[in-house]
Amino acid sequence: MYIGVDYYPEQWPKERWNTDLELMQQLGINVIRIGEFAWGLIEPEEGTFDFSLFDEALDLMYEHGFDVVLGTPTATPPAWLIEKYPDVLPVDKYGRKIGFGARRHYTVNSEVYQCLSKKIVQKMGEHYGHHPAVIGWQTDNEYGHEQSDRSYGEYDKQAFHTWLQKKYGTLDELNERWGTIFWSQTYTKWCQIPVPTVVYQEHNPSLLLDFDRFCADAYTRYNKLQVDTLRESISDRQFITHNFVYTGLAIDQLDMAKDLDFISFDNYPVWGGLAEPITPAAIARQHDLCRGTKDGKNYWVMEELSGAQGWSQIGYLPRPGHLKLWTYQAISRGAEAIVYFRWRAARYGTEQFCHGILDHDGKPGRKYAEVKDVIASLAPFADKWITSKVQADVAFYHDPENDWAWQIQPQSDQFNYINECLRFYAPAHDLNVQTDMIRGHEDFSTYKVIIVPIYFLTKKHVNDRLKDYVKRGGTVIFTYRTGVKNEDNVVTDLTLPGDVADMAGISIRDYESLREQKRSSIRGISAPLLTHTSPVHVWCDYIEADSAEVLAVYEDEWFSDKAAITKNSYGNGHVYYIGCGVEHDFLKRLYIDIFNNTGIAVHETPSNIEVIRRETSSHSYLTVLNHGVNQGYDVELPDQGQPWKDIETGKIYDRNVHVPRLGCLVCVRDK
Ligand code: GAL
C-alpha cells in the first residue's frame with residue numbers, strides 16, 4: 001500500500017532536502033507528491049523550461065527509494081503569464097476580473113490558456129514520462145475549488161454559445177425547452193444568450209442549469225486536454241489521476257473520471273474556522289462518493305489532513321488519534337493510498353497555518369510519531385485489506401445536476417443540499433449499513449434498498465429503471481420535493497410527484513417551505529412509527545394517499561388529514577415517500593423497519609461508533625471506529641456466528657470489544 005506525503009521541495013533550502021528525505025524514510029512512507037504549484041519555476045518565462053530543481057529533487061527521492069506522483073502545475077499560472085495574457089483571468093458573476101495573487105485564476109475557456117497549459121504539460125510529460133521515480137501524475141489541483149468552477153467572461157460566453165448550439169441544434173428548440181416566451185426572452189441569435197451575470201433578481205432556471213452543465217463540461221474537456229497530452233509521451237506504467245473535492249461545485253467528477261485511471265480525493269474533516277470536525281457520517285458520505293465516482297474502484301486520498309488547517313482562520317486542532325482514525329475510515333471505505341498533507345508547514349505564503357506532519361520548526365514531534373505508528377500498524381495487513389470490497393445493500397442516488405438545480409432554487413432558507421442529503425444518509429450510517437453512491441446507470445439488482453433523496457430534478461431513464469427495479473421486488477425511498485422538474489429544469493405538468501407519482505401511489509397538491517425556525521410536526525399512525533412524533537424542518541409535502549398506506553400524518557390544524565410519510569406496493573416491491581425534513585431518530589426508526597423487512601442487517605451502536613465491513617472471497621474484514629473524543633465504548637460486534645480476530649493484536653473477540661476514545665481496530669475472519 002502507498003502511504004506518503006505532499007512535499008514542496010521548492011519551498012525549502014536544498015541543504016534541508018536530505019534531512020527531510022531521511023526523516024521520511026524513518027517514518028516509513030513510500031510515496032511523495034510534488035510539483036502541483038511550481039509552474040513559475042519550471043517555466044520562468046514563456047517557452048523557457050528549467051527542470052533543474054525538480055531533476056535534482058527527483059533523483060534524490062529516487063536514491064532514497066521513494067516513488068513520486070508529479071502534479072501538473074496549472075492551478076497556479078505564474079505572474080509573467082498573467083502580465084502577458086491578462087485575458088486568461090476568470091470573471092465573476094458581477095463582471096469583475098479575478099486578480100492574480102492566490103491560485104486557480106484562469107478560465108478553462110481561454111484558448112490561450114489551453115495552449116499554454118498544453119505546452120507545460122507536454123514538456124513535463126516528455127521530461128518525466130519515463131523517470132524511474134515517477135509512478136504517476138495528478139492533473140492540476142482540485143478543479144473548481146475556491147469558486148473557480150464558473151467564469152462569466154467573454155471567452156466563457158462564446159464557448160457557452162458553441163456548447164448550446166451543439167446541444168440544441170436550433171434556437172427554436174432552445175426557446176421551446178427553456179420556455180423563453182416568459183418575460184420576452186425569446187432568442188433570435190445565439191449571441192443574444194447571456195452568461196448568467198448579475199441581473200435584477202434571478203435568471204431563467206433552465207439557462208442557469210445549462211450554464212452549470214457547460215462549466216462542468218468545460219473542465220472535463222480541459223482535464224482531457226491534459227490527460228491526452230500526457231499520454232502522448234509518458235510510459236504506460238504511469239497513472240493519471242486528479243484530486244477531487246465534493247462540495248457541490250459545477251464539476252462532474254464521474255464524467256471527468258472516465259479519462260482518469262482512478263480518482264483521488266482530498267480529505268479534510270476539519271478546515272479553516274470550523275470549531276469541530278464535520279460529522280462521521282459527513283466524512284463517510286464523501287468516501288462513498290469517491291468510491292461511486294469510478295464504479296466502485298479504489299481511490300487515493302491525495303491529501304489527508306495531518307494537522308490544524310486554515311489560511312487566515314484556523315479552527316479545531318485534530319486530537320491525538322484523529323489521524324489514525326480518519327486514515328482507517330478512508331481505507332475502510334475504499335481508499336487504497338493515503339498521502340498526508342503536508343510534510344511541513346510553510347513559513348510564507350497564504351498557507352502559513354496549514355500545519356503538516358512537521359510544524360514550522362521542522363522537528364519531528366507528536367504528529368510524526370502518530371503517522372509512524374499508523375504506518376507500522378498498517379504494514380502487516382494493509383496490502384491484503386485494500387483488495388477487499390465494500391458490499392453495499394443500500395444505494396443512494398446522487399446526481400450533481402440535482403445538486404445544481406437545488407442551488408439554483410433552494411426554495412427554503414433552511415435548505416442546504418449537503419445537509420439535506422445527510423439528513424437521509426446519517427440514519428443508515430448510524431445503523432452501520434454499508435452504502436454505495438450511484439448515478440443511475442448501475443446494476444440496481446444488487447441493492448435491497450435504493451434511497452433517492454430530494455430528487456427535485458428527475459430523469460426519465462432513471463425513473464424508468466427505478467420503476468422496473470421496484471416491480472421486480474426492490475424498495476425505493478423517495479423524500480420531499482421529488483419529481484418537480486424535468487431535465488430542462490422546467491416544472492412538470494403532472495400532479496406531483498410527477499413521473500413517479502404512480503409508483504409512490506400518492507398525489508401532492510399542497511406543499512410548504514418551512515423558513516427560519518418555523519417547524520411543523522408529524523405523528524406516526526401505524527407501525528413502526530405508531531405513537532412516535534417528530535418535529536420537521538425545511539419542507540412539507542402535504543400528501544394525499546391514493547393507493548399508498550399512510551405511516552405518518554401532520555400535526556397541523558389545517559392539514560391534519562394529509563399524510564407525511566407513505567408506503568406503496570408497486571409490482572413486487574415497495575415505494576416509501578417521506579414528505580418532510582424529519583428528524584434523525586424518527587427516520588432511524590423507519591429505516592430499521594425498512595431494512596428489517598428487506599433482509600438488511602442493521603447493527604445498532606452508540607452514535608460515535610462506525611462499523612464498516614469489507615469482503616474478499618476468503619475473508620471478512622470489520623473496522624470499528626470510535627469518533628468520540630470523550631469516552632470509550634464496549635461495542636457489540638455484528639454477526640456473531642463466528643469470532644472476530646483483531647488483526648493487529650491477534651486477540652479473539654466473541655461478542656464485545658472495548659474501543660477507547662478515538663480508537664480504531666480492524667478484525668478479520670475466514671469465510
Ligand atoms: C487543499 C489544497 C491544498 C492546500 C490544502 C490546505 O484544498 O489542495 O493545496 O491548499 O487544501 O489545507
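Nothing fancy with the numbering, it's 1 onward along the sequence. All values derive from a computational prediction rather than experimental measurement. Atoms within each ligand, like the ligands themselves, are counted from 1 in listed order.
Of the candidates D149, T76, D140, N141, D140 is the only one forming a side-chain hydrogen bond (donor to acceptor under 3.5 Å, both in side chains) with R104.
Each of F37, R103, N141, E142, H145, D266, Y268, W271, E303, Q309, F341, E351, C354 has a non-hydrogen atom positioned under 4.0 Å from some atom of ligand 1.
A perpendicular orientation is assigned to the rings of Y222 and Y143, their planes being inclined by more than 60° (bins at 30° and 60°). In this pair, W406 and F415 present their aromatic rings parallel. The plane angle is below 30°, not in the 30 to 60° band. Using bins of under 30°, 30° to 60° and over 60° for the plane-to-plane angle, the ring pair F262/F239 lands in the tilted bin.
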Under 3.5 Å, which donor-acceptor pairs link side chains of residues 265-276 to any protein atom two or more places apart or in another chain?
{"residue": "D266", "atom": "OD1", "partner": "E303", "partner atom": "N", "Å": "3.3"}
{"residue": "D266", "atom": "OD2", "partner": "N243", "partner atom": "ND2", "Å": "2.9"}
{"residue": "N267", "atom": "ND2", "partner": "E304", "partner atom": "OE1", "Å": "3.1"}
{"residue": "N267", "atom": "ND2", "partner": "E304", "partner atom": "OE2", "Å": "3.3"}
{"residue": "Y268", "atom": "OH", "partner": "E303", "partner atom": "OE1", "Å": "2.6"}

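With ring centers used as reference points, Y152 lies under 6.0 Å from F211.
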